[in-house]
Amino acid sequence: MNKAFLILLLTFFTAVVFGQKNRPNESDKSKAFVLGRIDEIQSKELAEKRILNIYLPEGYQQNDTAKYPVIYLLDGSADEDFIHIVGLVQFNSFEWVNQVPKSIVVGIATVDRKRDFTFPTSIEGDKKRYPTTGHSDKFISFIEKELQPYIQAKYKTDANKTLIGQSLGGLLATEILIKKPTLFNKYIIISPSLWWDNASLLNQDSEIKENTFKQQTDVYIAVGKEGLAPTEIPRVMEVDANLLTEKIKGFKNKNVKAYFDFLPQENHATIMHQAVSNSFKFLYPVVKKE
């Protein structure tokens, strides 16, 4: 009886092992889902290597004649805003949506936001709290002298360039708009930290106020229900964002258009996705066919 049971047991385990060895391995059939590519650029301006996450639109072919707008995304690491912003760009460029032209997205991976996105401040407390701050000039030089030329040389780009920045990234986008406006022709500025240096950026002049500034430039500014900024002198972020919009409109340059979007259902943490989605409707208005 014991021998018969032992033989039956061995037969059962042999069948199980044989079945496992011959069962198709599901992982052998899987493939990596590739959203984009990763480039690395050595920056002399920043004295370091920077990672770029690149999304190429459907149908992109290096050997054809098509060229594409480029959307530059601050905070563009894979674990920051790159993946969900690419999703918005892809969705809005579907033929049945047709809100946004097929575009290349360049996510600039973050190294030190406070260092790269802020200009020098006169506020002593902020200097102590954030000791690496105040080097946005180098980061802007990186964008102008290294990043944009690299992208234009390697990928099939046209002349349209958009910059997306939120929070301190929105502060940097505003600084570029004020100081180097021709670097981009579309600006998506979300919850900008204009409180930095007691909002000194709001008091600066810009060449975009001059009639000699001929570049067609569109600026979308969004803010949520965010409240007081982290400053000694009370500042409200919603008010500052509105002041920025009024400042741009006050230049009365017909080539520069500003759009203000208040999103009371969103806060500083949640606003990014909805604001970028909204911005496409402002920046790329669909002309209805009669």
Side-chain angles (χ1 to χ4, degrees), residues 45-46 68-76 100-101 103-106 108 113 116-120 134-152 157-197 199-223 240-261 275-276 278-280 282-285:
E45 296 293 331
L46 300 173
Y68 300 88
V70 183
I71 297 173
Y72 290 85
L73 174 65
L74 302 172
D75 295 317
V100 175
S103 303
I104 298 168
V105 180
V106 177
I108 309 169
R113 300 176 80 247
D116 292 338
F117 296 172
T118 63
F119 50 87
H135 299 285
S136 60
D137 57 337
K138 293 182 179 180
F139 193 77
I140 294 170
S141 291
F142 160 69
I143 291 174
E144 178 181 16
K145 298 176 182 179
E146 297 175 329
L147 177 58
Q148 288 187 346
Y150 173 85
I151 295 298
Q152 290 161 8
T157 68
D158 64 20
N160 294 291
K161 293 172 287 187
T162 298
L163 179 63
I164 301 176
Q166 192 255 347
S167 192
L168 286 178
L171 175 70
L172 179 75
T174 304
E175 183 181 3
I176 294 173
L177 172 65
I178 297 297
K179 297 179 180 178
K180 294 261 188 179
T182 57
L183 286 185
F184 301 92
N185 60 300
K186 294 184 187 299
Y187 291 81
I188 300 174
I189 299 172
I190 303 168
S191 301
S193 299
L194 296 171
W195 54 265
W196 182 254
D197 192 36
S200 63
L201 202 55
L202 289 174
N203 299 320
Q204 292 197 22
D205 277 335
S206 173
E207 67 174 291
I208 63 176
K209 77 173 185 178
E210 307 296 337
N211 290 330
T212 53
F213 184 79
K214 301 296 185 182
Q215 175 185 279
Q216 184 63 48
T217 303
D218 296 312
V219 184
Y220 168 87
I221 300 165
V223 67
D240 281 348
N242 191 54
L243 288 173
L244 174 61
T245 309
E246 293 305 311
K247 175 185 177 72
I248 297 168
K249 289 181 176 180
F251 291 151
K252 299 186 184 303
N253 187 328
K254 64 180 181 181
N255 298 309
V256 181
K257 296 180 180 179
Y259 310 88
F260 180 74
D261 195 11
V276 173
N278 288 1
S279 75
F280 292 153
F282 285 97
L283 300 179
Y284 302 95

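At a threshold of 4.5 Å between non-hydrogen side-chain atoms, the residues Asn255 and Thr217 do not count as touching. Between Leu171 and Phe117, the closest side-chain pair of non-hydrogen atoms is not below 4.5 Å. Using a 4.5 Å heavy-atom threshold, the side chains of Ile176 and Ile143 count as touching. Side-chain contact between Asp75 and Ile164 is absent, with no heavy-atom pair separated by less than 4.5 Å. By the 4.5 Å heavy-atom criterion applied to side chains, Lys209 and Asn253 are not counted as neighbours. The closest side-chain heavy-atom distance from Gln152 to Lys161 is below 4.5 Å.
Scanning all heavy atoms of the two residues, the minimum distance from Ser279 to Ile188 falls at OG-CD1, 3.3 Å. Between Pro181 and Gln215, the shortest heavy-atom contact is O-NE2, 3.3 Å. Summarising the geometry of Phe139 relative to Ile108, their closest heavy-atom pair is CZ-CG2, 4.0 Å, with the distance given to 0.1 Å. The nearest pair of heavy atoms linking Gly169 to Arg113 is N-NH2, 3.8 Å. When all heavy atoms of Ala159 and Asn185 are compared, the pair lying nearest together is O-OD1, 3.9 Å. In this structure, Ala275 and Ala222 approach most closely via the heavy-atom pair CB-CB, 3.8 Å.
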Give the intermediate values and the outcome of side chain to side chain contact (heavy atoms under 4.5 Å, CB included) for residues Trp196 and Leu201. CA-CA 8 Å; Trp196 182 254; Leu201 202 55; over 6 Å; no
If you apply the rule side chain to side chain contact (heavy atoms under 4.5 Å, CB included), what do you find for Ile189 with Leu177, and how did you get there? CA-CA 10 Å; Ile189 299 172; Leu177 172 65; 4.3 Å; yes
Stepwise, does the side chain to side chain contact (heavy atoms under 4.5 Å, CB included) test hold for Phe213 with Val256? CA-CA 9 Å; Phe213 184 79; Val256 181; 3.8 Å; yes
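Note that CD of Glu146 and CD of Glu144 are 10.5 Å apart. Values are rounded to the nearest 0.5 Å. Taking CG from Leu168 and OG1 from Thr118, the interatomic distance works out to 7.0 Å, rounded to the nearest 0.5 Å. The distance from the NZ atom of Lys145 to the CG atom of Leu147 is 14.0 Å, given to the nearest 0.5 Å. Rounded to the nearest 0.5 Å, atoms OG1 (Thr157) and OH (Tyr68) are 12.0 Å apart. Separation of atoms NE2 (His135) and OG (Ser141) is listed at 13.0 Å; rounding is to 0.5 Å. Rounded to the nearest 0.5 angstrom, Glu246 CD and Leu202 CG are separated by 12.0 Å.
With Tyr220 contributing its side chain and Asn278 its backbone, the two residues share no donor-acceptor pair below 3.5 Å. Listed for the Ser136 side chain is no donor-acceptor partner under 3.5 Å among the backbone atoms of Asp116. Remark: side-chain polar atoms of Gln148 are paired, donor with acceptor, to backbone N or O of Leu183 under 3.5 angstrom.
Here the options are Ile221, Thr174, Ile178, the test is side-chain contact (heavy atoms from CB on, under 4.5 Å), and the partner is Ile248; only Ile221 passes.
Looking at residues two or more places apart in sequence or on another chain, you find a side-chain contact (heavy atoms from CB on, under 4.5 Å) between Lys186 and Thr162, Asp218, Leu283, Tyr284.
In this structure, Tyr72 and Phe184 have perpendicular ring planes: the angle between them is above 60°, well past the 30° mark.
Remark: Lys257 NZ is loosely packed, at most 12 non-hydrogen atoms of other residues, nucleotides or ligands lying under 6.0 Å away. Crowding of Lys180 atom NZ: a count of heavy atoms from other residues, nucleotides or ligands under 6.0 Å not exceeding 12.
Annotation: cation-pi geometry satisfied between Lys179 and Phe119 (NZ/CZ under 6.0 angstrom from ring centroid, within 45° of ring axis).
Checked by atom type, the side-chain pair Glu210/Thr212 shows no donor-acceptor distance below 3.5 Å.
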